[in-house]
Structure formats: C-alpha cells, structure tokens
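Step one of this worksheet: look at the structure below.
Heavy-atom basis, side chains included; hydrogens, waters and symmetry copies ignored. If you read the sequence from its start, that first residue is 1, and numbering goes on from there. These numbers were taken from a predicted model, which means no experiment stands behind them.
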Amino acid sequence: MPATLYLCRHGDTPWSTERRFAGKTDLPLTADGEEAARLLGKRLRSFQFDVVLTSPLLRARQTAELAGFSAKVDERLMELAFGRLRRPHTRRDRPRAPRLD
C-alpha cells in the first residue's frame, strides 16, 4: 500500500504580513499564526499519522505543538537560504525592469 504524505505550512510570523521570506531567520508565530495552528489541529484531529516531523525552526515547532502533535525535529526540513537578491523584500533596493505593455 502506498504511503500518503501530508505537508503543512507553519502559521504566520511577523514577516508574513510583509510578504517577506523568513528563510533561516528563526521567527515566532504571531497571535494569528497561533490560532491558525490550533485550527489546523482541529482539522487534522480525525487523521492517524505514523510519524509527524517538523523543521527545527521555532515557527514550525510551535505550529506542530499548537496543532496538538508531538513532532520529531528533523534537521533535513530546515528552510533553504535564498540569498539576499532572491528575497522579495529587497526588490525595493533594485530598479524595476521597464514594462512591455
């Protein structure tokens, strides 16, 4: 029987409303992010999981805990570092390409 994999994103952090990628910056959840994590737990309550894994970052660990899961930290789930020029919040530091329309 094939395995089923469920992926859940962490709740909002202070940078989420600014549409900034946190990358490896270890940010906590906001109050809205905490509430979203609790709602996630309610939504997944009827599922039976063999294992729940989480990134070592605080926002991911908080999401798993508030959702009611005793998650195992897996270092391989660490967020990628996109580098300075890949982050949307640095676009204001670069000139925009001219529009073609």
- Calculate, to the nearest 0.5 Å, the distance between atoms OG1 and CG belonging to Thr30 and Asp32 respectively. 5.0 Å
- Item | side-chain hydrogen bond (donor to acceptor under 3.5 Å, both in side chains) partners of residues 45-65, not counting sequence neighbours, each pair once | His10-Arg59
- Message: Suppose we screen for salt bridge (charged side-chain N to carboxylate O under 4.0 Å, His left out). Which residues come up paired with Arg76, at least two apart in sequence or across chains?
- Response: Asp74
- Query: To which residues is Leu5 joined in a hydrophobic cluster, defined by side-chain heavy-atom contacts under 4.5 Å among Ile, Leu, Val, Met, Phe, Trp and Tyr, whether direct or through other members?
  - Reply: Leu7
- Query: Taking only residues two or more places apart in sequence, or in another chain, which ones meet Arg38 in a side-chain contact (heavy atoms from CB on, under 4.5 Å)?
  - Reply: Glu34, Glu35, Leu66
- To the nearest 0.5 Å, how far apart are CZ in Phe69 and CZ in Phe49? 5.0 Å
- Atom SG of Cys8 and atom CG of Leu44: how far apart are they, to the nearest 0.5 Å? 5.0 Å
- Task: List, by chain and then residue number, the residues other than Leu77 in its hydrophobic cluster (Ile/Leu/Val/Met/Phe/Trp/Tyr, side-chain heavy atoms under 4.5 Å); write none if there are no others.
- Result: Val51, Leu53
- Query: Using a side-chain heavy atom cutoff under 4.5 Å and only I, L, V, M, F, W and Y, what cluster partners does Leu57 have?
  - Reply: Met78
- Message: Are Leu29 and Trp15 connected into the same hydrophobic cluster when the rule is that any two of I, L, V, M, F, W, Y join if their side-chain heavy atoms are below 4.5 Å apart?
- Response: no
- Query: Looking at residues at least two apart in the chain, or sitting in another chain, which of them share a side chain to side chain donor-acceptor pair (under 3.5 Å) with Asp26?
  - Reply: none
- Query: Which pair of heavy atoms, one from Pro28 and one from Pro14, lies closest together, and at what distance?
  - Reply: O-CD, 3.3 Å
